[in-house]
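Throughout, residue positions are numbered sequentially from 1 according to the sequence presented. Whatever order the structure lists them in is the order used to number ligands and atoms, beginning at 1. Reckoned from all heavy atoms, side chains included, excluding hydrogens, waters and symmetry mates.
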Amino acid sequence: MLDANAAAVTPPAAIRREDYRPPDWLVPEIALDVSLDPAHTRVKARLTVRRNGEHRRALHLDGDGLIPIGVLIDGEELHDSWRMDGPALVIDLSGTDHLIETEVEISPAANSALMGLYESNGLLCTQCEAEGFRRITFFPDRPDVLSRYTVRMEADKARFPILLANGDPVDTGDLAAGKHYALWRDPFPKPCYLFAMVAGDLVANCQVFTTRSGRDIDLGIWVRAGDLPKTDHAMAALKASMAWDERVYGREYDLAIFNIVAVSDFNFGAMENKGLNIFNSRYILADPDTATDADFDAVAGVVAHEYFHNWSGNRVTCRDWFQLSLKEGFTVFRDQQFSADQGSPAVKRIEDVRALRAAQFPEDAGPLAHPIRPESYIEISNFYTATVYNKGAEVIRMLHALLGPEGFRAGTDLYFERHDGHAATCEDFVVALEDATGADLTQFRLWYTQAGTPRVTASLEHDVPGGRARLKLSQTIPPTPGQPDKQPMVIPLRVALLGERSGNPMGPEQLITLDASEGEVLFDGLTERPILSINRGFSAPIVLQSNRSASELAFLSAHDNDPFARYEAMQQLMLDTLIAGVAKGGNDHGPVIEAIRDTLTDPALDAAFIAEAVLLPSEALIGDQLAEVDPEKIAAVREALRADIGTTLEDDWRDAYARSRANRFEYTPTAKGARRMHTVALGYLAASGAQDTARLAYEQFAAADNMTDRQGALGVLANGTAAERETALDEFYQRYRQDPLVLDKWFTAQALSTRADTPAAVEKLSRHPDFTIANPNRLRSLVNAFAVNQRAFHDLAGGGYRFLADMILAVDPRNPQSAARLVPSLGRWRRFEPKRAAAMRAELERILATPGLSKDVLEQVSKSLN
Ligand code: B3K
Ligand code: ZN
């Protein structure tokens, strides 16, 4: 029950997918004339509007916080013809075609929500997706209204020497009083969420990319002067993405110019505005001294993702926001394929699946579960989720598996051809795949409508003398909010049987499709006892329950010829061992330790893979397997296994540590693998309690010529109590205090610490002079990191829940999106043992009882309490 105060809060009405109606008015052309100034920016807009269909409805222009200074209808001030309806401007029009002119004044400097036009570090920039354009000017702010944009920008030349917008530059010139202007035109009709504008003192890394049809594209990555040396990696990734999209999807870039701007205050990773991507600087800036290998990978992945949106998102956009996964799921799949092609496909798949299990599976099992195409929302910003993005990508991956690479490519070709220049739906995408291949995807569509992670049970029975085996499969999909009953889904499972004696696969891998509640597959011609390898490559985003024993899992972890399946077998073996420890209080560490030893010493494996395979599942993932989470118990059981692995294999870890030491930084897959192994081995040495670990870690920290080794060592030290810990933290702080992206790492290392005093340390860090809730990266580096540190955040005596709720309440008035992103950590209260569950729920109720909450936080909190 909610308390009386909380119950009085009614969340704003939900918007429903089934209520979609085409726009009443189209806007074929828009001309903006923007006079930029941090405190007083004037925006004049000229819209040519056209009545869409036979109706008499007024023109409805969305606005958010805008006051019209002037409104002209076909050049005239017709005061009786327009009115404000809440934040929107409503205009009565008699004909089919009209010219509407409006003028407003906005203050980028006062915009702390970072939506619309805002100031970041002396720069003026925009973020319009999903509904930020209405904070700049009155407009039908919906993705199915596509317009040609002309943008004239005017600003003080000394302060804002660079003026950028979408499309092609048409004209520039000087004006009186130290001002100048730039005129940009974007020939491609686009929805307003793709509008962008940047003004500032920037320099560019400029290079040229020649497309396969021989067109030269001017590429520019714009940053503050000192950051230019850190842009080469992003530039290389951009060129690689452009070539990759031509080769793999047949997609060529269209404008003559492609610009990227890095900004320090940004609500998420980056934004695919047409011809002018705007990035959180953490996904552009990288050099070996300040960025880890993971950062380098993330830069390349996000640059590729935003670039790929030029086709999957911009040329073909979304009809409405329920279709978000049309562009996001598909584009995540595309960036995953790209990254796999650039490095190790197996390690990339492991990383992607780990991310899915860490972020999406809990979402699918909690109060905020929704299908990849949601049916309703209160605030669309809350639906940029792991479900829409990452599960969305898994759905596309299954289509790729079912249709095969050629069929899939024929389908995407048809999709791009058919819908180019239009706003499309997920249904359009599926229909294009069907039309191109003849496949029937009727039942597959359930992946778009049903939430929840399917549970698949697999058991193999065999009759070796008869040479036969029978694989029995069944599926259930747990209930999720609003969806108590589910229908069976189409689940593609890559399956192989391995011979226990030979260690070899018996026959080729098969793609088995389970599309009913139960299924059965027969194998014959077997010559030895078979061991089941299933959901290889994680062919379906499911939870697999199988009756495979510890020795079978250990066998697969050593012999499976699918590297991902080897990793999975090891993970399952570890999970089974850990869960037995939590549930029964006792477990046998032997099989895990032996399997790790075999992996560590297998000469056929590369270091990058080994380093992933030997890591234990996170505390959170262990909790996800249990009916009721007790974080202390989980941490204790996991620590005990870690210590045992560290101690029993100490010599192997020392060997691995010594073997993976590098002399000089190189950015190659082999060198990256070695660095990863180096820190993983150090971590296990620390877990063993070996006396010299702190010294080794500090030496690694001090001698490192790159951030991967330095941050790795700092992370290990941060968990301990040695004197070297404070020394390293101090040195790190002194060295990097001027570099915000690196200082974020300093906050995160402490927020992720396994030490008992972490809650108090985090509380103290939140009062550190370098901490600020105004910068989303800094907020995330401390607060989001703490909220995923299961043992620290859920330490009952630590006050973590109150701390997080206070943060949500402090951030919400300035930046609702940032605040709402903190809610799910508390929202999972039902998963925890009763004391913690009650304490978490009480904080949610306290938030809900606070007057003036944003729609963003209100939606997340009220759904979490339902
Ligand atoms: N499309 C943007 C995300 C916008 C988030 C708005 N709340 C970045 C991306 O997914 O590429
Ligand atoms: Zn995207």
Donor on one side chain, acceptor on other, [X] and [Y], under 3.5 Å:
| X | Y | answer |
| --- | --- | --- |
| Asp341 | Trp244 | yes |
| Glu859 | Asn382 | yes |
| Gln337 | Tyr249 | yes |
| Tyr283 | Glu306 | no |
| Ser381 | Glu379 | yes |
| Glu328 | His309 | yes |

- Give a yes/no answer: is there an N/O/S atom of Glu272 under 2.8 Å from the Zn ion (ligand 2)? no

Heavy atom of the protein closest to [atom] (residue, atom name, distance):
| atom | value |
| --- | --- |
| atom 7 (N) of ligand 1 | Phe268 CE2, 3.5 Å |
| atom 8 (C) of ligand 1 | Ala270 O, 2.9 Å |
| atom 3 (C) of ligand 1 | Tyr389 OH, 3.4 Å |

Look only at interatomic distance and state if [X] has a nitrogen or oxygen under 3.5 Å from any nitrogen or oxygen of ligand 1.
| X | value |
| --- | --- |
| Glu129 | yes |
| His309 | yes |
| Ser381 | no |

Note: NE2(His305)-the Zn ion (ligand 2)-NE2(His309) angle, rounded to 10 degrees, equals 100°

Which atoms of ligand 1 sit under 4.0 Å from any heavy atom of [X]?
| X | result |
| --- | --- |
| Lys327 | 1 (N) |
| Glu272 | 1 (N), 2 (C), 8 (C), 9 (C), 11 (O) |
| Met271 | 1 (N), 2 (C) |

Proximal heteroatom of Glu328 relative to the Zn ion (ligand 2) (N/O/S):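 This turns out to be OE1.
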
So salt bridge (charged side-chain N to carboxylate O under 4.0 Å, His left out) across residues 262-271, not counting sequence neighbours, yields none

Short N-O contact, Glu394 and Arg349, less than 4.0 angstrom: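 Judged by the 4.0 Å cut-off on N to carboxylate O distance, Glu394 and Arg349 do form a salt bridge.
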
